[in-house]
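What you are looking at is a predicted structure, and each value in this text was computed from that prediction instead of being measured. If you read the sequence from its start, that first residue is 1, and numbering goes on from there. Atom set for the values below is all heavy atoms of this structure, side chains included, hydrogens, waters and symmetry mates excluded.
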Amino acid sequence: MHKRLFALSRLDELQHLNFDNFRPRGRVGLRPALADSLEQAFNQAQMFARTHQGWLLMYGGYGCGKTHLAAAIANFAVDMGIATLFITVPDLLDTLRFSYDDPNATFEQRFEEIRTAPLLIMDDFGTQNATEWAQEKLFQILNFRYINKLPLVVTTNLLIEEMEPRIRSRLDDPDLVTRVIIKSQDYRRPENDRLGHSTLSASMDFLHKLTFSAIDLRDKEDLHADQLESLKRAFDEAREFAEQPEGWLVLTGPYGCGKTHLAAAIANFRADQGHMPMFVVVPDLMDHLRATFGPRSSVSMDRLFEDVKRAQLLVLDDLGTQNMTPWAREKLYQLFNYRYNAELPTVITTPELKDEMDPRLLSRMRDTRLSEICAITAPSYRGARKKRKKRKR
C-alpha cells in the first residue's frame, strides 16, 4: 500500500519541498503582519506533521506557500513510514475517472484506497466549478474521513463560504479542523500582490509610500480656511475609518487634492495590521474584467469579479461612469449593489458626485445610513518642484 500511495502521490517530484527549506517569515521586506501569518502556518504544519491529529485546512492566495507546507507534511510522514497520499484535487478526480478503464484496479478499489489512506493530503481543493459527480465523490471522501476521524490536510484558495454546503459544514467544524489563513503575498511573483489578492492591486507600485504620516495637510499654504478644514476633516475621517472600517467612505474633490493618498493610506494601514485590503483603480478593474474573456487569460471573469466583490475591504479609486459602456456600468452596479446589501467596508474616490452618474450608484453612495461623504475643496496639490542636480561635464 505504501508504494502504491507513493506512486499516486508523485512525491518523488516534490521531495525538495520540506520544512528545512521553507522560509517561515517569507521574503525580506514582507510586512510583519503577513510574515506572522506565514510563520503561524509553518508552525501549525509542523505540529500536524508530528501528531497527525484532526484536520488541517490551509487557505491563501496563489504562491503563498500552501503547497510547499502540504508537501513538507507528506515528505515528513513518508520518512516516518506512514502511508501517505498527496494529490491535487483535479488529479484525484482524473484518477477516479480513469480507473473505470484501468485493468489493474477497479473504481471501487481505487476509491477505497483514497478515502482510507492513513494520511490524505488534498492540494488545490475547490468545488465551485466541479460536476455533480465530482462534488459527490469529494463529499464521500471527506465524509468518510470525518466520521472515522482520519487525518486530512486540505489546501485551497477558496473562501469557506464558496464551497459546497455539505463539505463546508465538515471543514467548518472547530472540534476537528484547524484553520490557517496565510495572508502572505505570492512568493514567486511578489510584485503582483502588493496590497491584495489580485494583480489589480499591483497597478500602483507607489502605494506603499502613501501613508498617513506622509500626508501634507497644507496648513502652510495660502488656502481658504474652509479648504484647509475640508482636507483636515477628510484626513480625520480616513484615519478613523482605517482603525475600524465600517460602512462606506466616499472621498470627493478635484484631481490632485489628496483623495488617492488618503485612500491608499487606509489600505496601507489595514495591510500593516494584517487585514489585507484590495485597492483597485476603476478603469483598470474594467480592463481586467474585459481581459478575462481572452483565450490566454488564466483567470475567469467570475472568479476575478468575486474576489473584488467579496473583498473584506475594497478601495475603488477614480470612479467615473460618464464614458462607460452599458456593460461596464452594469458590472459596476452589480459590484456596488452586492457590497451595499452586504454592508461591506468600501472606500470610493471620485472627482464629484454628478447627477449624470448612474443613479443606482449615486443612491447608494448618498445613503447616509451606510455612507459618509467627505468633499475636499482644496485645489490640486503637486508639491514644490524638485531641483535638478547639475550634471558634471
Side-chain angles (χ1 to χ4, degrees), residues 5 8-9 37 41 44-45 48-49 51-62 64-67 69-71 73-74 77 84-100 107-183 197 299-300 302-307 309-312 338 342:
L5 290 179
L8 284 174
S9 301
S37 77
Q44 289 288 352
F48 182 91
T51 63
H52 298 151
Q53 295 295 314
W55 291 8
L56 178 63
L57 172 63
M58 291 188 287
Y59 163 78
Y62 296 108
C64 70
K66 305 184 303 294
T67 295
L69 289 174
I73 293 172
T84 302
L85 175 57
F86 175 102
I87 193 165
T88 64
V89 171
D91 288 344
L92 180 151
L93 295 172
D94 285 345
T95 296
L96 290 178
R97 292 186 187 100
F98 295 153
S99 65
Y100 287 112
F107 171 85
E108 289 75 15
Q109 290 172 326
R110 187 60 53 81
F111 187 65
E112 192 68 11
E113 267 183 338
I114 293 172
R115 72 173 186 168
T116 62
L119 172 60
L120 176 61
I121 300 176
M122 302 173 73
D123 189 38
D124 197 18
F125 188 93
T127 61
Q128 78 281 17
N129 294 321
T131 64
E132 291 185 8
W133 177 88
Q135 286 194 357
E136 189 61 31
K137 293 304 156 192
L138 290 173
F139 168 71
Q140 290 173 2
I141 291 170
L142 264 67
N143 192 52
F144 180 88
R145 300 189 74 84
Y146 182 83
I147 293 172
N148 293 281
K149 300 295 186 287
L150 295 176
L152 173 70
V153 177
V154 174
T155 77
T156 184
N157 60 9
L158 291 182
L159 297 173
I160 195 76
E161 295 81 9
E162 297 178 272
M163 296 182 182
E164 196 269 341
R166 297 174 300 171
I167 291 174
R168 181 173 68 229
S169 70
R170 283 148 183 80
L171 290 174
D172 214 17
D173 184 348
D175 294 330
L176 179 69
V177 183
T178 299
R179 292 173 60 182
V180 175
I181 300 176
I182 304 177
K183 300 174 182 177
H197 311 296
V299 181
S300 71
D302 289 343
R303 182 58 200 273
L304 177 58
F305 192 63
E306 285 296 310
D307 283 348
K309 191 170 73 171
R310 296 173 181 269
Q312 59 178 339
Y338 179 88

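Looking at Asp124 and Thr88, their side chains never bring a donor and an acceptor atom within 3.5 Å of each other.
Nearest approach of Arg168 to Met163, heavy atoms of both residues: NH1-O, 3.1 Å. For the pair Ala45 and Ile73, the tightest heavy-atom approach, listed with the atom from each and the gap, is O-CG1, 3.7 Å. What you find for Leu96 and Phe107 is that their closest heavy atoms are O-CD1, 3.5 Å. For the residue pair Asp123 and Phe86, the shortest heavy atom distance occurs at CB-CZ, 4.0 Å. Heavy-atom minimum distance, Lys309 versus Glu306: NZ-OE2, 2.9 Å. Ser37 and Ile181 make their closest contact through CB-O, 3.8 Å (heavy atoms, listed as atom of the first residue, atom of the second, distance).
Not one N or O on the side chain of Arg115 forms a donor-acceptor pair closer than 3.5 Å with the backbone of Arg145. Listed for the Thr155 side chain is no donor-acceptor partner under 3.5 Å among the backbone atoms of Met58. In this structure, Arg170 contributes its side chain and Ile147 its backbone to no donor-acceptor pair below 3.5 Å. A donor-acceptor pair is defined here as one N or O able to donate and one able to accept, closer than 3.5 Å; such a pair exists between the side chain of Lys66 and the backbone of Gly60. Between the Arg179 side chain and the Leu57 main chain, no donor and acceptor come within less than 3.5 Å of each other.
For the pair Leu56/Ile121, no side-chain contact is recorded, criterion being any heavy-atom separation below 4.5 Å from C-beta on. By the 4.5 Å heavy-atom criterion applied to side chains, Ile160 and Tyr59 are not counted as neighbours. Taking 4.5 Å as the limit, every side-chain heavy atom of Asn148 sits out of range of all side-chain heavy atoms of Thr116. At a threshold of 4.5 Å between non-hydrogen side-chain atoms, the residues Trp55 and Asp173 do not count as touching. Annotation: side chain of Ile141 is in contact with side chain of Leu92 (closest heavy-atom distance under 4.5 Å). You'll find the side chain of Thr178 stays beyond 4.5 Å of the side chain of Phe48, heavy atoms only. In this structure, the side chains of Ile87 and Ile114 stay at 4.5 Å or more apart for every pair of heavy atoms. The shortest distance between side-chain heavy atoms of Leu171 and Leu142 falls below 4.5 Å.
For the atom pair CG (Leu93) and CD (Gln135), the distance works out to 10.5 Å, reported to the nearest 0.5 Å. For the atom pair Gln44 CD and Ile182 CD1, the distance stands at 11.0 Å (nearest 0.5 Å). In this structure, CZ in Arg110 is found 6.5 Å from OG1 in Thr95, a value given to the nearest 0.5 Å.
Using a 4.0 Å cut-off between a side-chain N of Lys or Arg and a carboxylate O of Asp or Glu, Arg97 and Asp94 qualify as a salt bridge. Salt-bridge annotation for Arg166 and Glu136: present, with a side-chain N of the basic residue lying under 4.0 Å from a carboxylate O of the acidic one.
Taking the ring centre of Tyr146 as origin, the terminal cationic atom of Lys149 falls inside the region bounded by 6.0 Å and 45° from the ring axis.
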